[in-house]
Amino acid sequence: MRAAVCPSYGPPDVVRIDERPSEPLAPGQVRVKVGAAAVNFPDVLLIANEYQISVPPPFVPGSEFAGVIIETADSTGIFAAGERVTGTGLFGAFAEEVVVPAAGLSRIPDGVDDRTAAAFGVAYRTAYHALRSMARVREGDELIVLGAGGGVGLAAVQLGVQLGASVTAVASSAEKLDVAAGYGAKHLVNHKSGDLRGTLRDAVPGGADAVVDPVGGDLSEPALRSLRRGGRFVTVGFASGVIPRIPLNLVLVKGVHVLGFQFQDVPPDEFARNEEELREHLTSGRVVPHVCAVYPLAETAAALRHVADGRAIGKVLIGLGDDD
C-alpha cells in the first residue's frame with residue numbers, strides 16, 4: 001500500500017510517499033480502506049517531535065480517518081467487512097489502509113460521505129463536549145471563541161450558534177472572520193488589529209458568559225478579563241505554541257471558573273447525551289464541517305504545511321477515495 005511516511009523528525013517537508021507492506025491483523029483489529037483523513041495540528045507537532053508524546057520514526061502520520069472496513073479479525077465481532085467507519089489514533093491515518101482496534105471505531109451515518117465524516121470527528125466532538133459540559137453554554141449566553149478560523153474554533157462557532165448563544169469570533173484574518181460570520185458569528189474580532197481587551201469590551205459590554213480557547217498565548221488573558229462575574233473559561237489547547245500565564249488574582253476577583261477540557265473528564269451520562277445530540281446535528285445537516293482544502297496522498301507534505309503555517313480555515317483533508 002502507499003502511505004505518507006515521516007522518516008525522521010523535522011518540518012512537514014520531510015514527509016514522503018512510500019510503498020509499505022500491509023500490516024497483519026491481530027485479534028480484535030480491522031483493516032480499513034481509507035477514503036479521507038483529516039490533518040490536525042498535533043500531526044505537525046508529532047512529525048517535529050514537539051508533541052507531548054514521541055513516536056520513533058519512521059512512522060505514518062495522521063490521527064483521524066474515515067473509510068470502509070475491508071477485513072476483520074475472526075475475534076472482532078463488532079463490525080463486518082463493508083461497514084463504513086470513522087476512527088482516531090495517534091498516527092497511521094495518512095495511508096491507503098489502516099489497521100486499528102475495532103472497539104475504537106464509530107459507524108458513519110447513512111447519507112454522510114467520507115470527507116464530511118473525517119472532517120467532523122475530533123474537532124466537532126471536542127468543541128461540543130467543551131461547550132455543553134465545561135462551558136455549560138445555554139440559550140442567550142454570550143460566547144467568545146478564540147481561534148475561530150481553526151478546526152476546533154470554527155466548530156465551536158457553529159455549535160455555539162446551534163445552542164442559542166450569541167457568538168463573538170476572534171481570529172487572525174478577515175478571511176477567517178468572514179467564514180465565521182457565514183456560520184452565524186455575531187461579532188467579529190481580528191486580534192491583530194489592535195487591543196483585544198478593549199475590542200472585546202466593546203463587542204460584549206456586559207461581559208461574556210463563556211470563553212472557549214484552543215489557542216493560548218497572548219489571547220488568553222484579555223479573553224479571561226472579558227468574562228462577567230461567574231463566567232466560564234475553557235482551555236482546549238495551545239495552538240499558538242505558547243502556554244499562557246494567567247494572574248490568579250483575576251480568577252479570585254472576578255469569581256470566574258477556569259476549566260481544562262479532556263474527554264475523560266466528561267461525566268458518562270453527559271458524554272452519551274452530547275454524542276447523541278452531536279450525531280443529530282450531523283445527520284440532520286444543521287451543522288456541516290467547513291473543508292477549506294483537499295490534498296491527494298501524494299501532496300501530504302503540502303497539506304501538513306497548510307496547517308502548520310496557520311492558513312487553514314476549518315479543516316484540511318487528505319483525499320484517498322476512488323475519485324481522488
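We use all heavy atoms of the structure for the numbers below, so side chains are in, but hydrogens, waters and symmetry mates are not. Along the sequence shown, residues are numbered consecutively beginning with 1.
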* Asked: Relative to each other, are the rings of His129 and Phe271 parallel, tilted or perpendicular (30° and 60° limits)?
  -> parallel
Check the side chains of [Y] and [X] for a donor-acceptor pair under 3.5 angstrom, ignoring hydrogens and angles.
{"X": "Thr88", "Y": "Glu64", "answer": "no"}
{"X": "Thr116", "Y": "Asp113", "answer": "yes"}
{"X": "Asn190", "Y": "Lys176", "answer": "no"}

May I have the list of side-chain donor-acceptor pairs in residues 155-168 shorter than 3.5 Å, sequence neighbours left out?
from   : atom 1 : to     : atom 2 : distance (Å)
Gln158 : OE1    : Tyr124 : OH     : 2.4
Gln158 : NE2    : Val288 : O      : 3.0
Ser166 : OG     : Glu142 : OE1    : 3.4

At their closest point, which heavy atom of [X] faces which heavy atom of [Y], and how far apart are they?
{"X": "Thr126", "Y": "Phe263", "answer": "OG1-CZ, 3.5 Å"}
{"X": "Pro244", "Y": "Gly216", "answer": "CD-CA, 4.0 Å"}
{"X": "Ala180", "Y": "Ala169", "answer": "CB-CB, 3.8 Å"}
{"X": "Gln29", "Y": "Pro24", "answer": "OE1-O, 4.0 Å"}
{"X": "Ala301", "Y": "Val15", "answer": "CB-O, 4.0 Å"}
{"X": "Val112", "Y": "Ala117", "answer": "CG1-N, 4.0 Å"}

Would you list the atom pairs, donor with acceptor, under 3.5 Å between side chains in residues 1-14 and any protein atom, with sequence neighbours excluded?
from  : atom 1 : to     : atom 2 : distance (Å)
Arg2  : NE     : Glu96  : OE2    : 3.1
Tyr9  : OH     : Val55  : O      : 2.7
Asp13 : OD2    : Arg305 : NH2    : 3.2

Are more than 12 heavy atoms, taken from residues, nucleotides or ligands other than [X], located less than 6.0 Å from that residue's [atom1] atom?
{"X": "Glu175", "atom1": "CD", "value": "no"}
{"X": "Arg138", "atom1": "CZ", "value": "no"}
{"X": "Asp110", "atom1": "CG", "value": "no"}

* Asked: What about the rings of His257 and Phe233, do their centers lie closer together than 6.0 Å?
  -> no
Indicate yes or no: at least one non-hydrogen side-chain atom of [X] is less than 4.5 angstrom from one of [Y].
{"X": "Leu282", "Y": "Val287", "value": "no"}
{"X": "Leu200", "Y": "Val170", "value": "yes"}
{"X": "Val30", "Y": "Glu71", "value": "no"}
{"X": "Glu97", "Y": "Ile70", "value": "yes"}
{"X": "Val122", "Y": "Ser63", "value": "no"}
{"X": "Arg84", "Y": "Arg107", "value": "no"}
{"X": "Tyr51", "Y": "Asp43", "value": "no"}
{"X": "Val211", "Y": "Val234", "value": "no"}

Just verifying a value: how many Å separate [X] [atom1] and [Y] [atom2], rounded to the nearest 0.5 Å?
{"X": "Ser226", "Y": "Lys254", "atom1": "OG", "atom2": "NZ", "answer": "7.5 Å"}
{"X": "Leu250", "Y": "Leu224", "atom1": "CG", "atom2": "CG", "answer": "5.5 Å"}
{"X": "Leu46", "Y": "Asn40", "atom1": "CG", "atom2": "CG", "answer": "11.5 Å"}
{"X": "Thr72", "Y": "Leu25", "atom1": "OG1", "atom2": "CG", "answer": "7.5 Å"}
{"X": "Ile108", "Y": "Thr283", "atom1": "CD1", "atom2": "OG1", "answer": "13.5 Å"}
{"X": "Phe59", "Y": "Phe94", "atom1": "CZ", "atom2": "CZ", "answer": "10.5 Å"}

* Would you sort out whether Val307 and Leu304 count as a side chain to side chain contact (heavy atoms under 4.5 Å, CB included), showing the intermediate values? => CA-CA 5 Å; Val307 172; Leu304 288 158; 6.0 Å; no
* Using a strict 4.0 Å threshold on nitrogen-to-oxygen distance, state whether Arg232 and Asp141 make a salt bridge. => yes
* Asked: Salt-bridged, Arg132 to Glu270, with N to O below 4.0 Å?
  ->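 Between Glu270 and Arg132 there is no salt bridge, as every charged N stays at least 4.0 Å from the carboxylate O atoms.
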* To do: Using the side-chain contact (heavy atoms from CB on, under 4.5 Å) rule, pick out the option among Ile318, Leu105, Thr86 that qualifies with Phe65.
  => Leu105
If hydrophobic clusters are built from ILVMFWY residues whose side chains come within less than 4.5 Å, do [X] and [Y] share one?
{"X": "Ile243", "Y": "Val152", "value": "no"}
{"X": "Val44", "Y": "Val236", "value": "no"}
{"X": "Val256", "Y": "Leu259", "value": "no"}
{"X": "Ile246", "Y": "Leu219", "value": "yes"}
{"X": "Tyr183", "Y": "Val316", "value": "no"}

Pairs satisfying side chain to side chain donor-acceptor pair (under 3.5 Å), at least one member in [range], at least two apart:
{"range": "residues 205-221", "value": "Asp209-Arg228, Asp213-Ser220, Glu221-Arg225"}
{"range": "residues 52-61", "value": "Asn49-Ser54"}
{"range": "residues 145-156", "value": "none"}

Just by modelled atom types, is the [Y] backbone N or O under 3.5 Å from a matching donor or acceptor in the [X] side chain?
{"X": "Glu276", "Y": "Arg273", "answer": "no"}
{"X": "Arg31", "Y": "Glu23", "answer": "yes"}
{"X": "Ser133", "Y": "Ala130", "answer": "no"}

* To do: Sequence neighbours left out, what passes side-chain hydrogen bond (donor to acceptor under 3.5 Å, both in side chains) with His306? Give chain and number order.
  => Tyr295
* Hey, mind stepping through Val294 and Val291 against side chain to side chain contact (heavy atoms under 4.5 Å, CB included) and telling me if it holds? -> CA-CA 7 Å; Val294 180; Val291 176; 3.8 Å; yes
* To do: Output, in order, the C-alpha distance, side-chain angles, deciding distance and verdict of side chain to side chain contact (heavy atoms under 4.5 Å, CB included) for Lys315 and Cys292.
  => CA-CA 6 Å; Lys315 299 295 292 185; Cys292 70; over 6 Å; no
* Residue pair Val215, Phe238: steps toward the side chain to side chain contact (heavy atoms under 4.5 Å, CB included) verdict -> CA-CA 4 Å; Val215 179; Phe238 310 104; over 6 Å; no
